[in-house]
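Remarks on the structure that follows.
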2 protein chains.
Amino acid sequence: MSQGHMEVTALLEPCGKEEHPDCGIRDVLTRVGDKWSVLVIVELASGTRRFRELQRAIDGISQRMLTLTVRRLERDGLVARTVFPTVPAQVTYELTDLGSSLTHLVKQLADWSLAHREDIANSRTDYDVANPDHTIH
Amino acid sequence: MSQGHMEVTALLEPCGKEEHPDCGIRDVLTRVGDKWSVLVIVELASGTRRFRELQRAIDGISQRMLTLTVRRLERDGLVARTVFPTVPAQVTYELTDLGSSLTHLVKQLADWSLAHREDIANSRTDYDVANPDHTIH
DNA sequence: CTGTATCCACGTGGATACTG
DNA sequence: CAGTATCCACGTGGATACAG
């Protein structure tokens, strides 16, 4: 049993059952799935960035949400935060090795999203036409 | 421009700027990142399942959330829903080709989560020790 | 069995103002 | 520049009851 599908098939079992209410997958996926994390990760994949650089690069993100997002990524060990005690303060962010290894997968997901967003959009339109009064988002 | 990183680097640009408030990546990622979708997808990766089978396989999911989750996956074209008008009603769910193509990436993400959950847990512990009174989840 | 309908608690995320 | 502190609106998700 080297790589392949063994891990995943073996993965649902401990996930679903009562002794393992949370197997760790959801932690990662909710982090990746939150509103801004992926955009931060992809931006940092291009190199080290300062706080304001990140905010300028990621349109629409508020100061508060950028702070929260990078803090969570830092806590998970995906991003390294470096403070230079200058005046005014200067802080840089960069991906850790762990973060970089995730970046590769995130990029694949992003590429998939890009490749299939038309399919998804069409499917949604069809569904909405067939089910005029649904309440799903 | 065959594959590689071109798509991704070209992907942040239309995402961040005002003319493209949403480039479609977030749609997919929030779907993958929501609480139950991945567990449903991975379960369906093993084959067709009925509603109750899914609920039994995924411990802790409520009837309502299972309904919402499979409906959203159906609307996105990732899951096909088939109704047999028997009494009582019988409904089966299976991955579409689109869903299967995503499954592969989801499994990689799940494997990554499994492989690195110790690292992440340790990183969080370290962070929490270093920052005793933070409010981040 | 396969849902729908209601109600509700909670967390996420946005806007704004203020600070070192 | 790089945050922190409030306040608040909204959506998600859980519990429960009911229905086809």
Side-chain angles (χ1 to χ4, degrees), chain A residues 21-22 26-27 29-40 43-44 48-76 79-94 131-137, chain B residues 18 21-22 26-27 29-40 44 48-76 79-94 131-137:
Chain A
D22 192 303
R26 199 170 291 161
D27 280 347
L29 288 170
T30 53
R31 178 67 64 250
V32 170
D34 73 15
K35 193 166 184 180
W36 301 108
S37 288
V38 164
L39 294 180
V40 170
E43 178 64 22
L44 289 180
T48 300
R49 295 285 187 275
R50 298 180 57 175
F51 188 87
R52 288 287 305 176
E53 291 175 333
L54 280 175
Q55 192 173 14
R56 271 190 293 266
I58 304 171
D59 191 78
I61 193 171
S62 65
Q63 220 165 21
R64 177 183 126 91
M65 288 317 299
L66 181 54
T67 300
L68 278 177
T69 303
V70 293
R71 283 292 186 287
R72 294 197 275 232
L73 293 173
E74 184 195 3
R75 188 171 101 101
D76 288 356
V79 162
R81 177 172 173 269
T82 310
V83 181
F84 299 93
T86 58
V87 177
Q90 179 171 342
V91 181
T92 62
Y93 297 90
E94 58 188 326
N131 307 74
D133 52 351
H134 70 80
T135 31
I136 314 167
H137 336 306
Chain B
E18 46 286 334
D22 192 300
R26 199 170 290 162
D27 280 345
L29 288 170
T30 55
R31 178 66 64 251
V32 171
D34 71 17
K35 194 166 183 180
W36 302 107
S37 289
V38 164
L39 295 180
V40 171
L44 289 181
T48 300
R49 294 286 186 275
R50 295 181 57 177
F51 188 86
R52 287 288 306 177
E53 292 175 333
L54 280 175
Q55 193 174 14
R56 271 190 294 267
I58 304 171
D59 191 77
I61 193 170
S62 65
Q63 220 166 24
R64 177 182 124 91
M65 286 318 298
L66 180 54
T67 300
L68 278 177
T69 303
V70 292
R71 282 294 186 285
R72 294 196 274 232
L73 293 173
E74 184 195 3
R75 188 170 100 101
D76 288 357
V79 162
R81 177 173 174 266
T82 309
V83 180
F84 300 94
T86 58
V87 177
Q90 180 172 342
V91 181
T92 62
Y93 298 91
E94 58 188 325
N131 307 76
D133 52 350
H134 70 81
T135 30
I136 314 167
H137 337 308

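Being a predicted model, the structure only gives us computed values, none of them experimental. By convention in this document, chain letters (A, B, ...) are assigned in the order of the sequence lines, proteins followed by strands, and residues within each chain are numbered from 1.
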Legend entry - Whole angstrom value for the distance that separates C1' of D:dT4 from CG of B:N131: 14 Å
Inset, instruction - Please state whether the phosphate of C:dT2, meaning OP1 or OP2, lies under 4.0 angstrom from any side-chain nitrogen or oxygen of B:R50. - result: yes
Legend entry - Under 4.0 angstrom between B:R71 side-chain N/O and C:dT4 OP1 or OP2: yes
Inset, instruction - Could you check how far CD of A:E53 sits from P of D:dG3, rounded to whole Å? - result: 13 Å
Inset, instruction - Hey, could you give me the NE2/CZ distance between B:H137 and A:R75, rounded to the nearest 0.5 Å? - result: 9.0 Å
Legend entry - Closest non-hydrogen atom pair between A:R50 and A:E53, with its separation: N-OE1, 2.7 Å
Could you list the donor-acceptor pairs under 3.5 angstrom formed by side chains in residues 80-93 of chain A, with sequence neighbours left out?
{"from": "A:R81", "atom 1": "NE", "to": "A:Y93", "atom 2": "OH", "distance (Å)": "3.4"}
{"from": "A:T86", "atom 1": "OG1", "to": "A:F84", "atom 2": "O", "distance (Å)": "3.4"}
{"from": "A:T86", "atom 1": "OG1", "to": "A:P88", "atom 2": "O", "distance (Å)": "2.8"}

Inset, instruction - Using a 4.0 Å cut-off on protein heavy atoms (strictly under), produce a 5'-to-3' string for nucleotides 10-16 of chain C with B for base contact, S for backbone-only sugar-phosphate contact, and - for none. - result: --SBBB-
Inset, instruction - Would you work out how much the helix from C:dC1-D:dG20 to C:dG20-D:dC1 bends between its ends, with each end axis defined by five base pairs, to 10 degrees? - result: 50°
Inset, instruction - Look up atom CG in A:L39 and atom CG in A:L54, then write down how far apart they are to the nearest 0.5 Å. - result: 10.5 Å
Legend entry - Minimum-distance pair of heavy atoms, taken over all atoms of B:L66 and B:V40: CD1-CG2, 4.1 Å
Inset, instruction - Begin from the C-alpha positions of A:D34 and A:R72 and carry the test side chain to side chain contact (heavy atoms under 4.5 Å, CB included) through to its verdict. - result: CA-CA 11 Å; A:D34 73 15; A:R72 294 197 275 232; 4.0 Å; yes
Legend entry - Nearest-0.5 Å distance, CD1 of residue A:I61 to OG1 of residue A:T69: 4.5 Å
Inset, instruction - Using the test side-chain hydrogen bond (donor to acceptor under 3.5 Å, both in side chains), find all partners of B:R52 that sit at least two apart in sequence or belong to another chain. - result: B:Q55
Legend entry - Gap between atom CD of A:E43 and atom CZ of A:R49 - 0.5 Å precision: 4.5 Å
Inset, instruction - With sequence neighbours left out, write down each residue that passes salt bridge (charged side-chain N to carboxylate O under 4.0 Å, His left out) with B:R71, or none if nothing qualifies. - result: none
Inset, instruction - Would you kindly give the NE2-to-P distance between B:H134 and D:dG3, to the nearest whole Å? - result: 16 Å
Inset, instruction - Check each residue of residues 80-94 of chain B for a non-hydrogen atom within less than 4.0 Å of any atom in DNA chain D, then write out the ones that pass by number, or none. - result: none
Inset, instruction - Could you tell me which non-hydrogen atom of A:L73 sits nearest to which non-hydrogen atom of A:S37, and how far apart they are? - result: CD2-OG, 4.1 Å
Inset, instruction - Using whole Å, report how far CZ of B:F51 lies from P of C:dT2. - result: 7 Å
